[in-house]
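Here is the structure we will look at.
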Amino acid sequence: MEEGKNYINLIHGDLTRATQVRDGMPESIGVMSIKTANRTVLEASLLPTPRVLWDSFWYEGELSCLFADSNVGKSILAVQIADRIARTDNVLYLDFELSDKQFQLRYTGEHGNLYAFPERLYRVSLDCNSLLASDFEVAIIGSIEQMALQTGCKIFIVDNLTYLCCAMEKGDAAGRLMIQLNNLKKRYELSILVLAHTPKRSLDCPITSNDLAGSKRLYNFFDSVFAIGKSAQDNGLRYVKQLKVRYGTYSYDADNVIIYEIEKVDAFLQFVHRGYSTEKEHLKKLGDNESSQRDCLILQLSQSGKSVREIASEVNCGKSTVSRIIQRSKEGRTAAVPSVLPSQPTGSGTTGQDGTGGTTTAAKQAELFAEQEKEEDKP
């Protein structure tokens, strides 16, 4: 039945192609391919549905990213993902982080017993002499392409992004890197999971796309992105959160993160599932003193002329939180200023050039509020 349906769709695809040619619409111009939306859907329906590689976080054919702070356990989870996939498929794990001995110790039991990985899992280490090469990034990308050609392997895990692009903060360099990875993905039908860092972040704020280290262009090019957070309520717990999904379901957002505990079970260091929770339950609860200090710093930075985005980055807090604190301060100050007619001096401060009463503080507040409103309107 399925074969008959595919055959019909194939015929329809040929008809839409002929119609496009008849209507004078070219199929390609330069590096661009042109086809009707109907033809796109029909031809895509003949392709196999992408398999799930790991839950709803990573699907076959995707260029995905897993990021976390240092020492949170992203390499541990990545090896665990590779271990599971390698039970049915060849997996190349590019380990640029650990030495062979460090890797061995991580997967050695209390009594010296070694964990037995699936035979389909291959660990790729880096030739230290290559570190001296001036075109190091080009060599890494070229090596990935050669491995895809010579091994026929379709699944790659890269630990980590720093070795692919040493200039991640530069938009142009990051953009070129992602274009190269996407080209490899499409040309050889690869599934690539890239591990990345996040700058030091506060545990009182939820994980967002802004926490991915490097240029914003990196995030935009990934098909899916997920992250590991460290619980502020229990140092032994971790949570995994989805941030970007293009295929499948968006199941694990801030209201439904997966809770794990890192344990060594039978010589295998792994994330052990402990249930589900909200991200909020695992964020740091600010005490009155800490909260007051943070709010004070936000207001000081706002008065210095910094934008909401800049303040959020500096205090490791969300933009909505910064805007709320500034707005709350603005409303409080407005309520504290008594209503005085323009012709009535307040008895203190200065008099404006137009003869109306006023104060230096009120003038500064009005100027500050105007600047804040401009900043809040910025994207």
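Numbers here are sequence positions counted from 1.
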Would you kindly confirm whether Phe222 and Tyr252 end up in one hydrophobic cluster when ILVMFWY residues are joined by side chain heavy atoms under 4.5 Å apart? no
Please tell me whether Tyr107 and Phe268 form a close aromatic pair, meaning their ring centres lie under 6.0 Å apart. yes
Side-chain donor or acceptor of Glu97 paired with backbone N/O of Asn160 under 3.5 Å: no
Can you find a side-chain donor-acceptor pair between Gln327 and Ser323 that sits under 3.5 Å? no
Nearest 0.5 angstrom please: Ile144 CD1 to Leu94 CG, how far? 5.5 Å
Where Ile262 and Arg238 come nearest, the two heavy atoms and their spacing: CD1-NE, 4.0 Å
Hey, are Glu43 and Lys35 close enough for a salt bridge, meaning a charged N less than 4.0 Å from a carboxylate O? yes
SB check Asp223 Lys244 (cutoff 4.0 Å): no
Check: Leu283 and Pro206 side chains under 4.5 Å, non-hydrogen atoms: yes
Kindly determine whether Arg51 and Asp89 satisfy salt bridge (Lys or Arg N to Asp or Glu O under 4.0 Å), including the steps that lead there. CA-CA 12 Å; Arg51 292 181 299 146; Asp89 298 86; 3.1 Å; yes
So, for Lys306 and Glu310, which heavy atoms are closest and what is the spacing to 0.1 Å? CA-OE1, 3.4 Å
Where do Thr151 and Asn90 land on the side chain to side chain contact (heavy atoms under 4.5 Å, CB included) test, with the steps shown first? CA-CA 9 Å; Thr151 68; Asn90 287 341; over 6 Å; no
Would you mind checking if Glu119 and Arg87 are paired as a salt bridge, meaning a charged N to carboxylate O distance below 4.0 Å? no
Gln270 and Val265 have their tightest heavy-atom pair at NE2-CB, 3.4 Å
Centres of the Phe117 and Tyr122 rings: under 6.0 Å? no
Establish, from distance only, whether the side-chain atoms of Thr278 and Asp255 form a donor-acceptor pair under 3.5 Å. no
Please confirm whether the backbone N or O of Pro26 pairs with a side-chain atom of Gln20, one donor and one acceptor, at under 3.5 Å? yes
Report yes or no: do Gln300 and Ser304 form a side-chain donor-acceptor pair below 3.5 Å? no
Treating Ser302 as the side-chain partner and Ile298 as the backbone partner, does any N or O pair qualify as donor plus acceptor under 3.5 Å? no
Would you name the heavy atoms of Leu66 and Ala227 that are closest together and state the gap between them? CD1-CA, 4.2 Å
Distance in Å, Thr249 OG1 paired with Asp55 CG, rounded so as to fall on 0.5 Å steps: 8.0 Å
Any donor-acceptor pair under 3.5 Å from Ser45 side chain to Leu42 backbone: yes
Ring centres under 6.0 angstrom apart (Phe226, Trp54): yes
Here the pair of heavy atoms bringing His282 nearest to Ser277 is NE2-OG, 3.4 Å
Using atom types as modelled and distance alone, determine if a side-chain donor or acceptor of Thr88 lies under 3.5 Å from a backbone N or O of Ile85. yes
Would you kindly confirm whether Leu181 and Tyr59 end up in one hydrophobic cluster when ILVMFWY residues are joined by side chain heavy atoms under 4.5 Å apart? no
Please report whether the ring centroid of Phe221 lies less than 6.0 Å from that of Tyr219. no
Please report the C-alpha distance between Ser224 and Val245 in whole Å, then the side-chain angles of each, then the deciding distance to 0.1 Å, and finally whether the side chain to side chain contact (heavy atoms under 4.5 Å, CB included) criterion is met. CA-CA 5 Å; Ser224 61; Val245 178; 5.6 Å; no
So, taking the atom named NE2 in His197 and the one named OG in Ser70, what distance separates them when rounded to the nearest 0.5 Å? 5.0 Å
Treating Ile, Leu, Val, Met, Phe, Trp and Tyr as nodes and any side-chain heavy-atom pair under 4.5 angstrom as an edge, say whether Leu121 and Ile81 lie in one connected cluster. yes
Determine whether Tyr247 and Pro50 make a side-chain contact, defined as any pair of heavy atoms from C-beta on separated by less than 4.5 Å. yes
Quick one: does Ser125's side chain get under 4.5 Å of Asp95's, heavy atoms only? no
Under a 4.5 Å cut-off applied to non-hydrogen side-chain atoms, are Val79 and Arg106 in contact? no
Should the heavy atoms of other residues, nucleotides or ligands under 6.0 Å from CG of Asp23 be counted, would the total exceed 12? yes
Does Glu189, at its CD atom, have more than 12 non-hydrogen atoms belonging to other residues, nucleotides or ligands within less than 6.0 Å? no
How many angstroms lie between atom CE of Met178 and atom CG of Asn183, to the nearest 0.5 angstrom? 11.0 Å
So, Lys241 and Glu279, do they make that salt bridge, N to O below 4.0 Å? yes
Check: Gln104 main-chain N/O paired with Thr108 side-chain donor or acceptor under 3.5 Å: yes
Is Lys74 salt-bridged to Asp69, going by a charged N under 4.0 Å from an acidic O? no
Side chains of Val240 and Leu77: does their closest heavy-atom pair fall under 4.5 Å? yes
So, for Leu114 and Ala267, which heavy atoms are closest and what is the spacing to 0.1 Å? C-CB, 4.3 Å
Below 4.5 Å, heavy atoms only, C-beta onward: do Leu98 and Ser75 meet side chain to side chain? no
Checking side-chain contact (heavy atoms from CB on, under 4.5 Å) against Phe67, which of Ile207, Leu161, Ile228, Leu195 comes through? Ile207
In terms of hydrophobic clusters joined by side-chain contacts under 4.5 Å, are Ile179 and Leu190 together? yes
Using the rule that two of Ile, Leu, Val, Met, Phe, Trp, Tyr join whenever any of their side-chain heavy atoms come within less than 4.5 Å, decide whether Tyr260 and Tyr276 are in one cluster. yes
Would you indicate whether the side-chain heavy atoms of Val124 and Met147 approach each other to under 4.5 Å? yes
Thinking salt bridges, do Lys185 and Glu62 make one under a 4.0 Å N-O criterion? no
Side chain to side chain contact (heavy atoms under 4.5 Å, CB included) for Asp83 and Tyr115? Distances and angles first, verdict last. CA-CA 11 Å; Asp83 177 86; Tyr115 178 73; 3.0 Å; yes
Could you tell me if the side chain of Arg39 sits less than 4.5 Å from the side chain of Glu27, heavy atoms only? yes
Assess whether atom CZ of Arg84 is packed by more than 12 heavy atoms of other residues, nucleotides or ligands within 6.0 Å. no
Residues Ile141, Leu184; criterion side chain to side chain contact (heavy atoms under 4.5 Å, CB included); working and verdict: CA-CA 9 Å; Ile141 294 294; Leu184 289 179; 4.0 Å; yes
Please report the interatomic distance CD1(Ile155) to OG(Ser191), rounded to the nearest 0.5 Å. 5.5 Å
Just how far is it from atom CZ of Arg274 to atom CG of Asp234, taken to the nearest 0.5 Å? 10.5 Å
